[in-house]
There are 2 protein chains.
Amino acid sequence: MLKQSDPLDVLFAALADPSRRSMIDRLSRGSASMSELAAPLDMSLPAVQQHLNVLAASGIVSTKKIGRVRSCSLEPEVLNQAQRWIAERRQIWADRLDRLGMFLQEPESQGENR
Amino acid sequence: MLKQSDPLDVLFAALADPSRRSMIDRLSRGSASMSELAAPLDMSLPAVQQHLNVLAASGIVSTKKIGRVRSCSLEPEVLNQAQRWIAERRQIWADRLDRLGMFLQEPESQGENR
DNA sequence: GCAATACTTAAGCACATGCTTAAGCAATCG
DNA sequence: CGATTGCTTAAGCATGTGCTTAAGTATTGC
């Protein structure tokens, strides 16, 4: 009852499944109904809906029911957050290597690494 | 027995846990031993090692045992693959919107979206 | 209205994940 | 050499995930 998790947990977990990534792939080419998403997926429709729920919970896709059809579309801004987290860590790493390089060139600096 | 999974499954799954992300965070600032990684983490050392195994299996970190200390360091190239997957999908989406824009401006094209 | 369509809900089950504790083992240190 | 340090292995367990089938509920077409 008391397990409120980081949005990034949910986001990366959503991306960790191949069926869900293929759904994102499909949606990146344009919005689709549930059964259109299900068609290539060799699993039951309830299973697809559960994957869709995971994607919706992460914010990666939004859905809207029109008549009896649920139309799903991608929210690329949310993907951006995942991308940004990764980019930041890679940047920190790169900066550190730069500083390390300077240290090796200019021995008056001190206390690098660890 | 025949469940060989996409590297991206493993990669994104590795990123989906907050403890593991904080380990990556730590390692982006420089390499560390297992107990240095464990120190801020309020869990047993075996638990930390299991997280480390997940990170190592994904390729995000590499480790090397020197004496009785295992030194861990980040492999940022692997993170790059995750970043690339996301960037590609966002690009496809953006391209599609561009084409859609052109379609709206130049009505001689046909068959966009649905 | 009646049937087909397009989802939706619910229950259940196999397996994976994220911990734990208890033992172990190899590399220093005194 | 014997004790401490730093990691490693193994087992067990609670909870979560990814499906399934069966039985709904609205919409829409005839």
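Chain A is the first sequence line, chain B the second, and so forth, proteins listed ahead of strands; every chain is numbered from 1. What you see below is based on every heavy atom in this structure, not just the backbone, and it leaves out hydrogens, waters and symmetry mates.
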Please state how far atom [atom1] in [X] lies from atom [atom2] in [N], giving the value in whole angstrom units.
X	N	atom1	atom2	answer
B:N53	D:dT8	CG	C1'	10 Å
B:L45	C:dG24	CG	C1'	14 Å
A:M34	C:dT5	CE	P	16 Å
B:I66	C:dA26	CD1	C1'	15 Å
A:D17	C:dA16	CG	P	14 Å
A:M43	D:dG18	CE	P	10 Å
B:R70	D:dT8	CZ	P	4 Å
A:L41	D:dT20	CG	P	11 Å

Is the shortest side-chain N/O distance from [X] to OP1 or OP2 of [N] below 4.0 Å?
X	N	value
A:K65	C:dA6	no
B:S44	C:dC19	no
B:H51	C:dT17	no
B:Q49	D:dT8	yes

Going by modelled atom types, is there a donor-acceptor pair between the base of C:dA27 and the side chain of B:R68 at under 3.5 Å?
-> yes
Between the base of D:dT9 and the side chain of B:Q50, is there a donor-acceptor distance below 3.5 Å?
-> no
Is the shortest side-chain heavy-atom distance between [X] and [Y] below 4.5 Å?
X	Y	result
A:V69	A:I66	no
A:L55	A:T63	no
A:L37	A:H51	no

Against the side chain of B:R20, the closest entry in C:dG18, D:dT20, C:dC7 is C:dG18
If you check every side-chain atom of B:V69, which of C:dC19, C:dC7, D:dG6 has the closest atom?
->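 The listed nucleotide nearest to B:V69's side chain is D:dG6.
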With a non-hydrogen cut-off below 4.0 angstrom, is B:S35 in contact with a base, only sugar-phosphate, or nothing?
-> sugar-phosphate
Backbone N/O of B:M34 and side chain of B:R70: donor-acceptor pair under 3.5 Å = no
Donor-acceptor contact below 3.5 Å, side chain A:R89 vs main chain B:S28 | no
Closer to the 5' end of DNA chain D via nearest nucleotide, is it A:A13 or A:G67?
-> A:A13
